[in-house]
Novice: 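The structure follows.
Residue numbers start from 1 in every chain, and the chains themselves are labelled A, B, ... in the order their sequence lines are given, proteins ahead of strands.
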Amino acid sequence: MAVAINNGTKVWRRRERGAQLAVWAAWLAGTAVFVYCWQLISEATIWAFVTDAPAQAADLAARMVPPDWSFIGALWRPLWDTMNIATLGTLLAIVIAVPVAYGAARNTTPSVALVRPVALFLIVSSRSINSLIWALMLVTIVGPGVLAGILAIALRSIGFCAKLLYEAIEEIDEGQVEAVRATGASRAQLTAYGIVPQVMPAFAGITVFRWDINIRESTVLGLVGGGGIGLPLNAAITTLAWTKVSLILLLIIATVVVSEWVSAKVRHAII
Amino acid sequence: MTVAALAPRRWKKPPFIRRAWLRWTLGLGAAAYLALALGTTEVNWTRVWQGIPRGAQFVSAFFPPNFVGRWSEIVDGIAESLWMTVVATVVGIALSIPVAIGAARNIAPAPVYYLCRAILAVSRSFQEVILAIFFVKLFGFGPFAGFVTLSVCTIGFYGKLLAENIEDMAPAQAEAVRATGASWLQWLNYGVQPQVMPRMIGLGLYRFDINFRESAVVGIVGGGGIGATLNTAFERYEFDSAAAILLVIIGIVMLVEYSSGFLRRRVQ
């Protein structure tokens, strides 16, 4: 136990002296880094705009109420597109993610030296680039529209789904696989009867979870031309039609809340 | 039962969804939705066809990517993203701790609990990019808007997970500290905080990782950082520079992810 001698009496301390010094040094270093970074940001900031911001925010909020409900008729189609982008993108991602995960999991990969690193690289590069950046690229390639959005969502989701799925595959109970192998099953039968039933709940859970995230992400793809509800949002913001903006934001929140509820229900039913 | 009676019965794999009506409803519903969704998705195939050579051009820009041409801009952008990430993570976590304490059902009284849960729900329901658009309008272009965006998003994420962690803590230890006659702050400091500290550090590193990734996106709408550089490169059709920026982002994300994973394993 750590004690300090204070005027001849022992006083309880939380840490030994060395550990306490290390904690202080870590705090000092962390604070120094933070202050330095803050200073750099502060230099790049026009502070007059920042101090003015509360007034601006109040002004903006006043312009946003009441939401322009008459505009809602024009929003159902983009909303439908947004949902399609999320759903079709998730499906496409799952189709590609399954073989990638199969190649990345240590216990199923055909080759640890060759296939596994490639699969892991695919997973990392897909995960580190946000769907908005994927959309930015795809819009220049396939043109603006729903297809660019679907592909962007799919490319972003491959890494996420494949990562969670391969972790699930690595955690399976080898005993069951062994039992199926003992019946003389081929490699394909081994996968179908030994592995798939074990990862199926995880697989379904991951799919629904990612679908929920994708609904959220697909709402903004329109900002760079990826189709969906982001397109009218971008148009409303650039034309300063704030009552329309607030309506679109309300619709987005409602969609996100519903999709989160659906995904929670489904995951609860599966797991 | 004789062997002959058993013979014609074959084993069938049990279906994933046991209730037959649910299985059929879900299957038919999914098929109908897919048909409808694919039928109403408008794709301009001639434009896609025209885009393929452009896509090939884009892919060929990756071999080799042009790191040299815009190197100083790339370094500036990455550095700005990193400052933004550091400051936003620290401020976001500092702000989310009181909210998380308020949102833990075993610590906070009901009115505080509902208020803090509402704060968390609101800050989680908006996409980073949408928030960034508004903060850029309020604070002007540059890293300050990006920093505020990332901080707000950090509150929602970190606060929710920390609150759940506090709710899961062992009550006996906290009770023991309270029994010594500790004040509320001492109780938090000695009874609660040591229990959630490893998870707090782990989550903080994870959030740092996420914030760096998101900082690339808030730049696209004017929030400063590497995203602004990337967007400019795309708009000028400098695909080779864009490829270089993407590779740098992937490299740094991998680096941050591996080092934060390493630190998290050591802490937990």
Novice: Mind checking whether B:Phe144 and B:Phe139 have parallel, tilted or perpendicular rings, split at 30° and 60°?
Specialist: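 Perpendicular, since the angle between the ring planes exceeds 60°.
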
Novice: Between the main-chain N or O of A:Ile129 and the side-chain N or O of A:Trp134, is there a donor-acceptor pair closer than 3.5 Å?
Specialist: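 Yes; judged by distance alone, with no hydrogens or angles, the pair exists.
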
Novice: Counting heavy-atom pairs closer than 4.5 Å to chain A, which one of B:Leu38, B:Thr41, B:Thr40, B:Val43 comes out on top?
Specialist: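 If we count pairs closer than 4.5 Å to chain A, B:Thr40 comes out on top.
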
Novice: Name the region of A:Leu233, side chain, backbone, both or neither, that has any atom closer than 4.5 Å to a heavy atom of chain B.
Specialist: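 Side chain only.
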
Novice: Looking only at atom types and distance, does a side-chain atom of A:Thr82 sit under 3.5 Å from a main-chain N or O of A:Ile229, one as donor and one as acceptor?
Specialist: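 Indeed, once roles are kept as given, a pair shorter than 3.5 Å links the two residues.
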
Novice: Of all of B:Ile130, B:Leu82, B:Asn44, B:Leu247, which one pairs up most often with chain A through heavy atoms under 4.5 Å apart?
Specialist: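 Heavy-atom pair counts peak at B:Ile130.
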
Novice: I'd like to know if the side chain of B:Thr85 and the backbone of B:Ser81 have a donor-acceptor N/O pair within less than 3.5 Å.
Specialist: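 Yes: the side chain of B:Thr85 pairs with the backbone of B:Ser81.
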
Novice: Please determine, among B:Leu230, B:Leu138, B:Ile220, B:Val253, the option with the most heavy-atom pairs under 4.5 Å with chain A.
Specialist: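 Most pairs with chain A among the choices: B:Leu138.
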
Novice: With only heavy atoms counted, which part of A:Val257 is less than 4.5 Å from chain B, the side chain, the backbone, both or neither?
Specialist: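 Contact with chain B is absent: no heavy atom of A:Val257 under 4.5 Å.
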
Novice: Using 4.0 Å as the upper bound for N to carboxylate O, is an ion pair formed by B:Arg124 and A:Glu260?
Specialist: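 Salt bridge flag = yes for B:Arg124 with A:Glu260.
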
Novice: Tell me, side chain or backbone of A:Val50 under 4.5 Å from chain B's heavy atoms, or both, or neither?
Specialist: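 For A:Val50, the contact with chain B is made by backbone and side chain together.
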
Novice: Using heavy-atom distances under 4.5 Å, tell me whether A:Thr219 contacts chain B through its side chain, its backbone, both, or neither.
Specialist: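 Answer is side chain: those atoms of A:Thr219 sit under 4.5 Å from chain B.
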
Novice: Just so I understand: if I count every heavy-atom pair under 4.5 Å between each of B:Leu246, B:Ile249, B:Val87, B:Val48 and chain A, which residue has the most?
Specialist: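 Looking at each option in turn, the highest pair count goes to B:Val87.
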
Novice: Heavy-atom distances under 4.5 Å only: say whether A:Ile41 touches chain B with side chain, backbone, both or neither.
Specialist: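 Its backbone and side chain both get close to chain B.
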
Novice: Quick one: does any side-chain atom of B:Thr154 pair with a main-chain N or O of B:Gly92 as donor and acceptor, under 3.5 Å?
Specialist: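 A pair under 3.5 Å: no.
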
Novice: With a 4.5 angstrom heavy-atom cut-off, which part of A:Thr140 approaches chain B: side chain, backbone, both or neither?
Specialist: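 Both the backbone and the side chain of A:Thr140 come within 4.5 Å of chain B.
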
